[in-house]
Each structure stands twice: as structure tokens, then as C-alpha cells.
Undergrad: 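Let me give you the structure first, and then I'll get to my questions.
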Protein chains: 2
Amino acid sequence: MYSPSIQNLIKAFKKLPSVGQRTAERFVFYLLKSGKKEVGELTLALKELIDTVKSCEVCWNFSDTSPCPICQNPKRDHTTICVVADPQDLAVIEGTGEYRGLYHVLRGQVDPTDAESLTKMKVKELLEGTRNKEQGTIQEVILALNPDIAGETTMLYLEKELKSVNQEIKITRLARGLPMGGDLRYADEITLGSAIKNRIIKG
Amino acid sequence: MYSPSIQNLIKAFKKLPSVGQRTAERFVFYLLKSGKKEVGELTLALKELIDTVKSCEVCWNFSDTSPCPICQNPKRDHTTICVVADPQDLAVIEGTGEYRGLYHVLRGQVDPTDAESLTKMKVKELLEGTRNKEQGTIQEVILALNPDIAGETTMLYLEKELKSVNQEIKITRLARGLPMGGDLRYADEITLGSAIKNRIIKG
């Protein structure tokens, strides 16, 4: 029912994650109502994205430069690598301000339903990375994947692979415990058990 | 934490209706992962939208031509106008295949919290439209707005305005009744009352 150019844009928007027909229609008519400036901004930002964003060849984060600013930064701890599934996870950890080491972005996780998921992940690059880094040798690899089935499977797989390359390497995981504002009575047994076992000494 | 070009695109996506930081991030990283082809398609579709879509100067629907194909079609009933709030409503009514008249898109509704909503709506164009149409004079105006407060207020306002311009004009509204698959026991009193009053004779 819509004109061809409206239909094309609806089709293009529908490819975005969790955008269906209705949402895509709302996006298009919002843009049509708001006028050329907003459409121009979006077009420009998309063009800029293709033109400037590349993958950092060291950590596989997306960045305007390769190596990215984090990998280039001599003030960061080049002996520790934090492995994350996606660039968004990296951004969340950076946001805490608690981590000063390097990162490695896997760009995916082990997916039992997708035979290619193992080859799609940047695992080879991680294993090579653990051996040839410039500023200091890697001493610790933090596996910071989600504590769900895909994440746990991926971490087990990485542990095995990392150990086969370098037996000396220290492999750690994020602590499991009660989240801020959490309630003891609603915590599951695994979380609470882990929180007791790994309790923090305060003096 | 993200590179400037990623941040710019996140900002541009966040202007779309009901898109927050997280959703915008997911859109951007989805595009980065899927590669240049998908970004290119979206950029092209947006460019096409600016370049080709215009407002039909007769019915104020968005279209690649003005007048739009519906207003130009001599086979349609040019004596009936169906007034809708938005282009999406027009598409839904066209989708039923039950209507062969013309449309008028208000591009908004009466909003008591927005003093400018009255001037933003294409009401003047409707009133003028009811007087100067080429193929046949307007005999009926169907007010097809949503049966909610904004829609009812707008319809009351339009009724008054239309009657003040043309006393002879027939003004109708969409039937109120049970929706397909609806349940008598869960229908509200106004809907059920209206469904009984306007019951359909079947023989």
C-alpha cells in the first residue's frame, strides 16, 4: 500500500534486530514527519560508520583506528587480557573504571545449534595474541562471558585451548555473588553458594 | 567508550520512536557485524526516501507523486472522503479492500496538551478539499479516527467545522461493535451497547 521508496526503507529497517513491520513503519513515518534534517543526520552517521569504523586487529573491538586506543595505550596493563563476547560487553566493563588491562573481543560465543560458531569466533587470534604481545607477556586471561549456557560452554572451551597453548597462564572468571540491591531470599542456590564460598575479607 | 562514528550513529538511532541507548547500540553493532552491504542498503533507502517521497497535495498522504495514485485514480469514488489521523491508518483501511473512495490524512489529532496541534493538523486542507474537488462533489465524509479521547475530540471538532462549511454533507463514523474473535462477556458496555443498537440485518 505504501509507495516503493517507503516500502524499501521499511524493508531495510526490518533487518535490524527485533524490528518488525509495525516498528519499521513507525520509524519511517517518524522520519517523514520530522523532515530532511533527521534523515540527513542518520544517512551521514551511517556513511561515516562504513567509512571510518574498522576492526582493531589486536583485540577485535570496533574502532576508528587499528590498533584501537586501548591496545595502543602504554599506560594500560599489557599483561592481562579480558575476554568478552561482544563490543558492548567491553564498553560495560570499561564503564566500571575498575579494569586497566587489555581486551579481546570474541565476536560471538559457542552455539550448539550453529556448527560454524566455533570458526566465526576470534579464538585463533586470542591464542596467537597470548603468545606475541609487544609490551610484556600475558600473565592472566579473564574470561568475562555471561554466566549462561552459551557463556559457560565458551569459557570451558577457551580454558582448554588456552591451557594447551600456555600451561603457565592464569585463567580467571568474574566473581559470582549477590547483585547490588539483590535479596538473599530470592537468590538462586548456585549464586548464594558461590557468594558464601568466595566471601570478601573486610578486616 | 565507543568510537566517535559509532557514538554518532547511536545518537541518530536514539531519535527514532521508542529506541533507547541499548536498542540503538544493538542496531549499530548488528550493522557492524553484518557488514557494508546491509549498511549500504539502509543508506540508499534513506537517501531515496528524502529524494522521492513527497506529500500528496490533495490528501496529504506520503507518496512518490503528487497527487498520489489514489487521488489520481478515476475508478475510485471521488464523492466520498475517509479522514484518518496518519498514513499508517490509511494503509490499514486500504488493506481491507472494502473502501473505494478517497482519503484525507490529518497528520495528527487534537491534543489538549499541545496548543499548536490544531494548526498542525491538515484541517484547512480538508475543508477546502470538500469544496474544490475535480471529479464529483463530496457527498460523504467518513471520520475514521481511533475511538479514544484524542480521536473522539478530533472527530467532534471536525464535525462542527465540516457542518459550518457545508450543511448538506453526510458525516459518518466507523461502526462500533465486537471485534472478530471477541467475547461478549469481556466487551465493555459502550461497545456492546453500540453493537446491539447498530445490529446488522442478515435476512
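These numbers were taken from a predicted model, which means no experiment stands behind them. Proteins get letters first, then strands, A, B, ... in listed order; numbering begins at 1 in each.
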Undergrad: What part of A:Pro69 gets closer than 4.5 Å to chain B, counting heavy atoms only: side chain, backbone, both or neither?
TA: neither
Undergrad: Would you call B:Val28 and A:Phe62 a side-chain contact if the rule is heavy atoms closer than 4.5 Å?
TA: no
Undergrad: For atom CG of B:Leu178, decide whether the heavy atoms of other residues, nucleotides or ligands shown that lie under 6.0 angstrom number more than 12.
TA: yes
Undergrad: Using only distance (under 3.5 Å, no hydrogens or angles), which donor-acceptor pairs connect chain A and chain B?
TA:
unit_1: B:Ser3; atom_1: OG; unit_2: A:Asp64; atom_2: OD1; d: 2.8
unit_1: B:Ser5; atom_1: OG; unit_2: A:Thr52; atom_2: OG1; d: 2.8
unit_1: B:Ser5; atom_1: OG; unit_2: A:Asp64; atom_2: OD1; d: 2.8
unit_1: B:Ser5; atom_1: OG; unit_2: A:Asp64; atom_2: OD2; d: 3.4
unit_1: B:Asn8; atom_1: ND2; unit_2: A:Glu48; atom_2: OE2; d: 3.1
unit_1: B:Lys15; atom_1: O; unit_2: A:Tyr30; atom_2: OH; d: 3.2
unit_1: B:Lys15; atom_1: NZ; unit_2: A:Glu41; atom_2: OE1; d: 2.7
unit_1: B:Ser18; atom_1: OG; unit_2: A:Arg26; atom_2: NH2; d: 3.3
unit_1: B:Arg26; atom_1: NH2; unit_2: A:Ser18; atom_2: OG; d: 3.3
unit_1: B:Tyr30; atom_1: OH; unit_2: A:Lys15; atom_2: O; d: 3.2
unit_1: B:Lys33; atom_1: NZ; unit_2: A:Asp86; atom_2: OD1; d: 2.8
unit_1: B:Glu41; atom_1: OE1; unit_2: A:Lys15; atom_2: NZ; d: 2.7
unit_1: B:Glu48; atom_1: OE1; unit_2: A:Asn8; atom_2: ND2; d: 3.1
unit_1: B:Thr52; atom_1: OG1; unit_2: A:Ser5; atom_2: OG; d: 2.8
unit_1: B:Asp64; atom_1: OD1; unit_2: A:Ser3; atom_2: OG; d: 2.8
unit_1: B:Asp64; atom_1: OD1; unit_2: A:Ser5; atom_2: OG; d: 2.8
unit_1: B:Asp64; atom_1: OD2; unit_2: A:Ser5; atom_2: OG; d: 3.4
unit_1: B:Asp86; atom_1: OD1; unit_2: A:Lys33; atom_2: NZ; d: 2.8

Undergrad: What residue, out of A:Val53, A:Leu42, A:Leu32, has the most heavy-atom pairs lying under 4.5 Å from chain B?
TA: A:Leu32
Undergrad: Under a 4.5 Å heavy-atom cutoff, which of B:Pro17, B:Pro4, B:Ala45 has the most pairs with chain A?
TA: B:Pro17
Undergrad: So, taking the atom named CZ in B:Phe27 and the one named CZ in A:Phe13, what distance separates them when rounded to the nearest 0.5 Å?
TA: 8.5 Å
Undergrad: Supply the atom-to-atom distance A:Leu9 CG to B:Leu49 CG, rounded to the nearest 0.5 angstrom.
TA: 5.5 Å
Undergrad: Could you look at A:Leu31 and say if it's the side chain, the backbone, both or neither that has a heavy atom under 4.5 Å from chain B?
TA: side chain
Undergrad: Any chance CG of A:Leu118 has more than 12 other-residue heavy atoms, nucleotides or ligands included, within less than 6.0 Å?
TA: yes
